[in-house]
Amino acid sequence: MNGFTLRQLAELRSGVALPTYRYRFRKALERFVARPSPQPLPPGPLVLLADGLWFQFKGQPWVLYLMALKPCQGDYAVFLDPVLLAGSERVARWENALAHIPQAASDRIQAIVVDNLPGMRRLARQRGWLLQLCHFHLLLKLYGKRGSRPHALRGGPVREELNRCIRQALVLPDGTHLDITIQKLQRLAQTDCGTARMQMTVRAFLRDLKFYRTYLQHRAGSNQTSTLRWATAFIRIHPTVACNSK
């Protein structure tokens with residue numbers, strides 16, 4: 001939407017009330033995603049890129065299974081329509097998601113690139129695919145752990161815990177778990193966080209928390225159907241991604 005919200009777009013349409021504009025937009029979005037995917041799939045032998053994006057609805061985990069197909073010798077990948085499934089990320093649910101790949105494309109897959117999820121080796125072996133573990137996920141995990149150097153810094157373990165709690169406070173739904181996380185942040189902010197600047201940052205975060213969480217009140221993906229609809233539309237509008245040919 002070129003950076004505009006629905007409210008801003010509605011304001012550009014004189015004589016159209018916001019509820020009416022939202023209704024028309026939702027119907028247009030439903031028609032768009034109801035049509036078959038218009039994206040042509042790459043030719044020749046393929047590599048499947050697969051990753052799961054976690055959501056939570058009414059306190060229950062859901063995973064958006066994202067898949068893209070890349071020519072073995074190409075430097076781009078084409079996204080397939082996503083699949084949204086209830087429950088945490090599991091190999092059995094990946095098998096469900098993989099069943100949505102068009103058979104003509106599935107027959108040409110030679111390898112799969114995934115995070116190191118338990119059971120993926122067996123899945124790849126059963127299908128006769130080469131298994132490539134994703135470098136990005138490995139580096140991300142290593143960065144997240146931050147090695148031993150941050151823990152050698154003054155207040156390192158506390159700062160690690162602050163980082164974890166802040167991330168939780170950004171995404172947890174209202175309720176007991178969020179309250180516990182906020183209370184823990186308040187306690188940690190009173191301890192030696194390493195620097196006075198770190199303490200000030202945490203206190204400012206707690207003071208302005210509601211503004212960091214505004215997106216939870218106005219996000220488009222407020223339920224499973226809406227999330228899948230928006231994700232599908234986004235992928236169809238942005239169908240390809242650059243991908244290292246190696």
Side-chain angles (χ1 to χ4, degrees), residues 1-43 46 48-70 76-90 92-106 169-175 178 209-243:
M1 303 302 294
N2 297 323
F4 290 98
T5 65
L6 286 181
R7 181 181 295 276
Q8 291 169 331
L9 290 172
E11 291 173 351
L12 298 176
R13 299 287 300 274
S14 60
V16 179
L18 180 59
T20 301
Y21 190 85
R22 283 176 171 165
Y23 174 81
R24 293 177 180 175
F25 184 88
R26 185 175 68 253
K27 288 301 181 182
L29 191 64
E30 289 174 356
R31 290 192 296 270
F32 179 64
V33 301
R35 297 196 296 264
S37 175
Q39 313 307 334
L41 298 179
L46 301 171
L48 172 64
L49 313 178
D51 196 13
L53 184 61
W54 287 62
F55 289 86
Q56 191 175 73
F57 300 108
K58 296 182 179 179
Q60 299 302 314
W62 287 71
V63 176
L64 189 70
Y65 292 84
L66 302 173
M67 298 170 287
L69 294 171
K70 166 187 174 298
Y76 71 98
V78 176
F79 281 104
L80 301 171
D81 283 348
V83 178
L84 184 63
L85 299 175
S88 56
E89 188 176 4
R90 295 286 186 271
R93 296 188 180 104
W94 264 115
E95 291 174 336
N96 187 327
L98 296 177
H100 289 75
I101 301 175
Q103 192 63 45
S106 182
L170 288 172
V171 300
L172 282 172
D174 292 337
L178 177 61
L209 180 58
K210 66 177 182 179
F211 298 109
Y212 283 107
R213 291 170 54 84
T214 300
Y215 79 100
L216 293 171
Q217 302 173 26
H218 299 281
R219 60 186 179 181
S222 57
N223 56 56
Q224 300 92 309
T225 301
S226 180
T227 296
L228 181 59
R229 184 186 301 137
W230 278 90
T232 302
F234 182 86
I235 282 175
R236 290 187 180 184
I237 295 172
H238 306 83
T240 62
V241 63
C243 185

Between [X] and [Y], is any pair of side-chain heavy atoms under 4.5 Å apart?
X   : Y    : result
P82 : T232 : yes
L48 : I101 : yes
F57 : T227 : yes

| Contacts of type ring-ring contact (aromatic ring centres under 6.0 Å, His included), residue F79, not counting sequence neighbours | none
| With F32 via ring-ring contact (aromatic ring centres under 6.0 Å, His included) - residues at least two apart | none
| request: Check each of L228, T225, L53 against L84 using the side chain to side chain contact (heavy atoms under 4.5 Å, CB included) test, and report the only one that passes. | output: L228
| Verdict with supporting geometry, R93 and E89, side-chain contact (heavy atoms from CB on, under 4.5 Å) | CA-CA 7 Å; R93 296 188 180 104; E89 188 176 4; over 6 Å; no
Distance-minimising heavy-atom pair for [X] and [Y]:
X    : Y    : result
W94  : G52  : CZ2-N, 3.9 Å
G87  : V63  : O-CG2, 3.5 Å
L80  : P102 : CD2-CD, 4.4 Å
L209 : A169 : CD1-O, 4.1 Å
L64  : A231 : CD2-CB, 3.7 Å

| Is there any salt bridge (charged side-chain N to carboxylate O under 4.0 Å, His left out) pair reaching into residues 223-234, and which pairs are they, with sequence neighbours excluded? | E30-R229
| Residue pair D81, V33: steps toward the side-chain contact (heavy atoms from CB on, under 4.5 Å) verdict | CA-CA 9 Å; D81 283 348; V33 301; over 6 Å; no
For [X], give me all partners under side chain to side chain contact (heavy atoms under 4.5 Å, CB included), at least two apart in sequence or on another chain.
X    : value
V83  : Y65, M67, L85, A97, H100
A104 : none
Q39  : S37, V78, R236, P239

| message | Restricting to side chain to side chain donor-acceptor pair (under 3.5 Å), what partner residues turn up for R90, sequence neighbours left out? | response | S88
| message | Return the CG to OH distance between L69 and Y76, rounded to the nearest 0.5 Å. | response | 10.0 Å
| said: Quick check for you: to the nearest 0.5 Å, what is the distance between L178 atom CG and L170 atom CG? | reply: 10.0 Å
